[in-house]
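So that the names make sense, note that chain A is the first sequence line, chain B the second, and so on, each numbered from 1. We use all heavy atoms of the structure for the numbers below, so side chains are in, but hydrogens, waters and symmetry mates are not.
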2 protein chains.
Amino acid sequence: MAQSERGPRERMVFSAAQLIRREGVAATGMREVAAHAGAPRGSLQHYFPGGKEQLVNEAVGWAGRYAGNRVARFLAALDEPTPGGLFAEMVRQWTDEYEAAGFAGGCPVAAATVDCAESTESTREAAAAAFATWTGPVARALTDMGVPGERSGPLATLMISALEGAILIARAERDVRALTTVVRELVPVLDAAAVKAD
Amino acid sequence: MAQSERGPRERMVFSAAQLIRREGVAATGMREVAAHAGAPRGSLQHYFPGGKEQLVNEAVGWAGRYAGNRVARFLAALDEPTPGGLFAEMVRQWTDEYEAAGFAGGCPVAAATVDCAESTESTREAAAAAFATWTGPVARALTDMGVPGERSGPLATLMISALEGAILIARAERDVRALTTVVRELVPVLDAAAVKAD
DNA sequence: TGACTACTATGACCGCTGTCATAGTGAGCG
DNA sequence: CGCTCACTATGACAGCGGTCATAGTAGTCA
């Protein structure tokens, strides 16, 4: 996850996502990103001539791709894949992090949405795209598990909505309670949506 | 909702919440709050000697109380109150606003959580308290509608999580789709949790 | 009248931020 | 050697942010 042997450009995007996760977009400085990435300050204007806006947008895109790619890995971890099982894995990534490392970070896409949706159109679009590249794999996985095609998309949206909201509440409360709650309540609902093919 | 005949102090708290909703905490300036409230700049240090931190915390508290109080009003608007009906009303407040006035604003409590959870402990606590004063009335309403006591709290958390997440997605996409989706998917689930007392 | 209090009015300060300008390094290569 | 190109290094700048200091006004109470 924290591969430090990437190019400096990639490291800066990654660091930006990390810092945005913790402090939000506005409170994350360019110099701070460079320092966190162990990259020279001069590289910022070289790799990101579009300035902070470009860097933030790429960080958001990175986060969306990361979340989308995780879906396949979650599925692989389940010996009997079900919609509820997938959701539980998605949430577990967060409970694990919070219990192991504290409640420092939230979802960078959420942070970008809150801070930039109204002020920076391109970042808003990047956030929407990130949600899409996250929802897509989830919906496809649901279909593969036997969820009727027309319900996969809506259920994927429900899963991600509940997860994002629970992340917010968990960070505010410094307690994973909200995360475990949405899992407990939603898992049976999700599993019931899969066509019984036993 | 936008009573301009309050004291200047109250107007500033209200304005702070409005601006935080749109731009986030970090991007909201003190001078901007005063201007938006039509209040003199000098009043800031008089009414809020604790500075921005105090103002933000009060705005978050105000938002929590506002959300909590709305619950009773939503219930009154339903001639046959059901859990799903309450949730639909809660979400409808947002779809109505977005369709009428655009996607400018999100939830101020979410914004405070994203921007301050890690940096400003007191604001994090204020956000947690706001979520609590919102969840409380919802859970009580569920119990009154026949939801078993031990499930009211979890279901209230689920409702608010899904709503908060859907608000994020809706703002990013500039589309109420996510909001209408969570309503459609969750209403039957919520109604099924109420004990049939016909 | 004379405090005393509540509130308003400004101007200044300092720190920080994103961005730009300019110059420097150093490898690759002909 | 000299040229090019990718990258690095700094310093400056202009703007804005929250906060403080100081002074002013207005109403009230004794």
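A 4.5 Å side-chain heavy-atom check between A/Trp134 and A/Val109 finds every atom pair outside the cut-off.
Here D/dG15 presents its P atom at 19 Å from NZ of A/Lys52, a figure rounded to the nearest Å. Atom-to-atom, CG of A/Leu55 to P of C/dT17 comes out at 14 Å; the value is rounded to the nearest Å. Rounded to whole angstrom, the span from the CZ atom of A/Phe48 across to the P atom of C/dC20 amounts to 15 Å. Atom CG of B/Leu44 is separated from atom C1' of D/dC20 by 13 Å (rounded to the nearest Å). Here the C1' atom of nucleotide C/dT19 and the CD atom of A/Gln54 are 14 Å apart, to the nearest Å. Distance, B/Arg9 CZ to C/dC7 P: 10 Å, rounded to whole Å.
In summary, of the residues considered (B/Val147, B/Ile160, B/Val189), a side chain to side chain contact (heavy atoms under 4.5 Å, CB included) with B/Leu155 occurs for B/Val147 alone.
The line from CG of B/Leu75 to CE of B/Met145 is 4.5 Å long, rounded to the nearest 0.5 Å.
Side chains of B/Thr120 and B/Glu53: a donor-acceptor N/O pair is absent below 3.5 angstrom, by distance only. Between the side chains of B/Thr143 and B/Ser152, at least one donor-acceptor pair of N or O atoms lies under 3.5 Å.
B/Ile20 and B/Leu44 end up in different hydrophobic clusters when Ile, Leu, Val, Met, Phe, Trp and Tyr side chains are linked at under 4.5 Å.
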Any N/O pairs under 3.5 Å between the protein and nucleotides 8-11 of chain C? List them or say none.
{"unit_1": "C/dT8", "atom_1": "OP2", "unit_2": "B/Ser43", "atom_2": "OG", "d": "2.2"}
{"unit_1": "C/dG11", "atom_1": "N7", "unit_2": "B/Arg41", "atom_2": "NH2", "d": "3.4"}
{"unit_1": "C/dG11", "atom_1": "O6", "unit_2": "B/Arg41", "atom_2": "NH2", "d": "2.3"}

